[in-house]
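Counting convention: from 1, in listed order, for ligands and their atoms alike. Everything numeric in this text was worked out from a predicted model, so none of it was measured. All residue numbers refer to positions in the sequence shown, counting from 1.
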Amino acid sequence: MKKTKLLLMLTFCSSFLAIGQTKVPFIENLLAKMTIDEKIGQLNLVTPGGGIATGSVVSSNVEEKIKAAEVGGMFGISGPEKLKIAQDFAVKETRLKIPLFFGSDVIHGYKTTFPIPLGTASSWDMDLIKKMAQIAAQEATADGINWNFSPMVDVARDPRWGRIAEGAGEDPYLGSAIAKAMVQGYQGTDLTSKNTMIATIKHFALYGAAEAGRDYNSVDMSKIKMFNQYLPPYKAGIDAGAASIMTSFNDVDGIPASGNKWLLTDLLRKKWGFKGFVVSDYTSVNEMIAHGLGDLQDVSALSLKAGLDMDMVGEGFLTTLKKSLNEGRVTEEEITNACRRILEAKYKLGLFDDPYKYIDAKRPKKDILTKANKAFARDAAKRSFVLFKNHNNVLPLSKTANIALIGPLANNKNNMLGTWAPTGDPQLSTPVLEGFKSVAPKAKITYAKGANITDDAELAKKVNVFGTRVDIDKRSSQELLQEALDLAKTSDVVVAVVGEASEMSGEAASRTDISIPANQKKLIQALVKTGKPVVMVLMSGRPLTIEEEFNLPVSILQVWHPGIEAGNAIADVIFGDYNPSGKITATWPRNVGQIPIYHSIKNTGRPAPTEAFEKFKSNYLDVKNAPLLPFGYGLSYTSFAYENINLSKKEIEQGQDVTVSVTVKNTGNFDGEEVVQLYLRDVVRSITPPMRQLKGFKKVFLKKGESKTVELILTADDFKFYNSTLDFIAEPGDFEIFVGTNSNAQLKATLTLK
Ligand code: BGC
């Protein structure tokens, strides 16, 4: 078809038809011309390798396949030059000239890498998160990407699971707000615009609940828990307009997600009204063979019939669907429906109008790694840090202090970006030492490594799959330690940058021991013994078990893996140019035995006593029930006091909102921000209620000495839950409302729903 004719048709269609609601004549017309092979080709997503591959296989003969109309989209390659070559194969060498779309995992920034998502979630700042997604979209589209495999919205309550790093943590309410902000940031209000891209909600569903925190493991969960605790963020992302969704590797109620009709059709399309397309995860269709569901033809047919539209890398669709059609195991209509959804996505992006619209050689230089983007990354990083302890108020440090900067992560570029940053370049990141020197040029700063990240060479090998993350020094542990102790002794204060290498968390990086590696623990203890004040700057992709270190006379600043501006952002906080305001979004356990652990627990019939152990109560012989750090926890260089909780109404009718107000005062010596949190308890209801659930938050800035009345609105939906027949309802009765600085908030008001 001539381009002018195409253009005319497009203008005609888009003037009165909304995609997904009514069929688009342009696409119907195209479908009518397509052979079965061409339709099946559109369902095939390939990655040519050469970049970062996240599975054990990559696609072969990609060029030939594109020319044979056997490819609908590609991922894992980027840059106008390469993508132009691939697009030329599709639009110049195939019969129907259907353009490809180009995907990528832009998880926390494209080349300007932001902190890991568990870190940015800790900012509780939705505008910040949305803006990060916008910047990621601006940079990725400049490199030709128009489809992003993000946001990852899996609720995770088991920090053994390495991918907890990639999401928002344990809570469905906060997770839903973040899902919405990210989708809006990536997609903007107009997907045809050159700096927006399709967002993908992943991994649908329940991937974060893998048994024992072992990646890819089975999930088994009641529908009540699913609907109330795990599904809300996926739904929020879809309600925000995400145009695609990715299935998960795990089974849901006994059927792997990629072949689960209840999940992909009954729930997703029929109940939730999803209009976009569903892509599998990397070879997850093929993996259903290992799950025990049949051979490649069986599982491919099962997936198509379940509602899967696109097959990532595995090529089960490409190689078996036609056979299944001939044998009557799938219908042509099922293939056409899947193909239609892929074509609609390309149409939404405007690719039929101009297949090269995202391919512009001038854009990368103009839009990627700009000064403004990097400045934003620095800001995002400092807002993601969480102050756990400030022993003797040693922080912030003076800019003229004599500092011994110690630790395997103190002068290190390879671990600053964090896991799942395949598009970033670790060598562009700022190490902590450099940041300190630049922010405090008058300070005396000496540096020593002190210890390896781990001395375990076997572990190092596993962690180094994407390049060196753990570098085992030629010097002995004793030499490393002695050098650090010598420096510590001549300093005023020690800053120890310790923790996990970036690939000790992330995909296929589950751990059963989530403490700081033994040799680093030894370093910390030895540094404390010098009698100098010690500030631990802790890097990790997950909550760690740090009770031992927490009980030492140290200060602790949790910085996750902070991204490209790591060193500068850490220095901003350590030297007080920014007062930390982050709050953890996943509970930090005392030990692994407490896992899974999260704030919205139920009371049980035998609630634990608050203090000592009691026989025949729900408690442990060897450890308290309370975590080391509760959900929502984080300190500031200043302090905040809460008083006067008030409700706009003490009684409400079904469907009504209520405004909760509280006075928050900055009672310390620094200006600062506080995340005001609201938790709700449904006192009596037909299914066991959690003790409290997050239902509101607001981040406020207060000058030293200032008081503010903060208002939080509880909407009618906030009182609702899914009951045993899975109806979303609110039941009449009393509700307790708690407002405060973390999930242990005590300031309380009571409300009655009539
Ligand atoms: C991951 C996905 C990712 C995909 C493509 C998989 O291994 O689970 O999150 O989007 O690879 O890179």
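For the ring-ring contact (aromatic ring centres under 6.0 Å, His included) condition, the pairs that include at least one residue of residues 152-176, sequence neighbours left out, are Trp161-Tyr207.
With a 4.0 Å cut-off on non-hydrogen atoms, His203 touches ligand 1 through its side chain and not its backbone. Neither the backbone nor the side chain of Glu166 has any atom closer than 4.0 Å to an atom of ligand 1 (non-hydrogen atoms only).
A salt bridge is defined here as a Lys NZ or Arg NE, NH1 or NH2 lying under 4.0 Å from an Asp or Glu carboxylate O, and Glu507 with Arg163 meets this definition. Ion pairing between Glu334 and Lys39 fails under the 4.0 Å rule for side-chain N and carboxylate O. A salt bridge between Glu458 and Lys462 is absent, with no side-chain N of the basic residue lying under 4.0 Å from a carboxylate O of the acidic one. Ionic pairing of Arg363 and Asp143 is not present here: no N-O contact between side-chain nitrogen and carboxylate oxygen is shorter than 4.0 angstrom.
Every atom of ligand 1 is numbered from 1 in the order shown, and the set under 4.0 Å from a heavy atom of Phe75 is 5 (C), 12 (O). In the vicinity of Lys202, heavy-atom distances shorter than 4.0 Å reach the ligand 1 atoms 2 (C), 3 (C), 9 (O), 10 (O). Counting the atoms of ligand 1 from 1 in the order shown, those under 4.0 Å from a heavy atom of Phe249 are 7 (O), 8 (O).
In this structure Glu503 satisfies the salt bridge (Lys or Arg N to Asp or Glu O under 4.0 Å) test with no other residue, sequence neighbours excluded.
The N/O atoms of Tyr207, backbone and side chain alike, include none that comes under 3.5 Å of an N/O atom in ligand 1. Considering backbone and side-chain atoms alike, Tyr282 places every N or O at 3.5 Å or more from each N or O of ligand 1.
Proximity annotation for atom 10 (O) of ligand 1: of Thr47, Asp281, Asp105, Asp105 comes nearest, heavy atoms only.
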